[in-house]
Amino acid sequence: MINKLLDNITKYEGTKFMKLAGEGMDDITPVSDLKSLEVPAIYVHVPFCHKLCPFCCFNRYLFKEDLARAYFLALKKELDMYAAKGFNFSDVYIGGGTPTILMDELESLIAYLRKLYDIKRVSVETTPPAMTQENIDRLKSSGVNRVSVGIQSFDDKVLEAMGRTITTGDDARQALIRSQGQFDTVNCDFIFNFPYQPIETFISDVKTFKELKIDQATFYPLMPSPRKKTAMEKKFAKVDFTREEKFYKILLDELKNDGYTVSTVWCFSRGDHMIDEYIVDSPDYVGAGAGSVGLVNGNFYVNAFAVENYIKKIDQDKFPIIRYRNLSEREHIYYYFLTKLFGMQVNKEQFKKDFGKNIDVRLFKELAAMKLYGLLTEDKENVWVTDKGMFSVSIMMRNFFASLNTLREHCINNKL
Ligand code: SF4
């Protein structure tokens, strides 16, 4: 019952949160009005892929070399704009799309980031075919600390059903074997609760990950945008969210109860490792590149999605922000609370520092209800997510990202 309630509340709140201002006012640049900030994290998006996987809700387009090279140039100009405002970043997360699609441009981008900012850690997303020995060496030479390889499943039938034709399960395995031990952290991404995905193959995927002794795995529940959901339901069966808990239980049994560190409710590591979810550690973060999302000083914003539109705005020396929302205090606190729960704990002192109020007072009802149902526990310093609460937080986070995917779909379809 409590999960149903949290499901409904977060669906409603997520939809409200994603109603952004700026319709017809695309020269609004809320970031430019801010004082210089020491924001630790920047996310940089590279929206090109060799093939487009049908289930994917990210902002991605078929690779065209000329356009991609013009895009990397525009990205550097956007980074200049943040540097000119006095921003500095220690952690950079380069995602996509496929950031490794043009290795020379990626190397040059990382070097440029280092020139502008005091970068300490670099994380790069990629695909199994890109993890050749040559590319591994080049990423290492660029000082990349963490690679995140999109696997989704090792099962060829599941991959085929997903339309993920860029790799086979065996190629994915070999790419991980080649990469493991070459970086501070190797992560692999999986999906669960895809309409055609037997529970048994998911168990086998988790076991293979363990056998390969990869540093880390992140398991994303299916969180389709409305169109993708309809398309999947036409092709397969109804998207069935009631199956989700069975999949999640496997993660608890096979990973949490087998000594893996819970880095987020979706991410399990052998020991301590850098994670992809900068939203957990960095309450403020900048999003650069087409379709990126940022949160700075209470402003949640998105960049232009269409690559041509993005480049055009940069060429006009404007921040490419097309929509934003100045969060109310309540929205900001809810967002903060959710992202911290996603990372398994909320530090009470830090909450007070960030919002000037005690969490026990500000979120009294929420904490009381979640503790009553055994989802949270607390000590003097922290509020903790319990084993039982992990699935509840997974539902809440899935709804938040599903709302974001709905916004993405709207922006992509309207070529914003
Ligand atoms: S899943 Fe990865 S490779 Fe496939 S389209 Fe999306 S970003 Fe590109």
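Indexing begins at 1, ligand by ligand and atom by atom, following the structure's order. Because the structure is predicted, anything quoted here is derived from the model rather than measured.
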Numbering the atoms of ligand 1 from 1, which are under 4.0 Å from a heavy atom of [X]?
| X | result |
| --- | --- |
| C49 | 3 (S), 5 (S), 7 (S), 8 (Fe) |
| R164 | 1 (S), 3 (S), 4 (Fe) |
| R60 | 5 (S) |

Taking the six-membered ring for Trp, are the ring centroids of [X] and [Y] within less than 6.0 Å of each other?
| X | Y | result |
| --- | --- | --- |
| F355 | H332 | yes |
| Y310 | Y71 | yes |
| F400 | Y335 | yes |
| Y248 | F219 | no |

Among all protein non-hydrogen atoms, which one is nearest to atom 7 (S) of ligand 1, and what is the separation to 0.1 Å?
->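 Checked against all protein heavy atoms, atom 7 (S) of ligand 1 sits closest to G97 N, 3.3 Å.
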heavy-atom search around atom 5 (S) of ligand 1 in the protein gives C53 N, 3.2 Å
Lys/Arg-Asp/Glu bridge criterion (N-O < 4.0 Å) met for K77, D80 | no
Under 2.8 Å: N/O/S of C56 next to atom 6 (Fe) of ligand 1 =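 Coordinating: yes.
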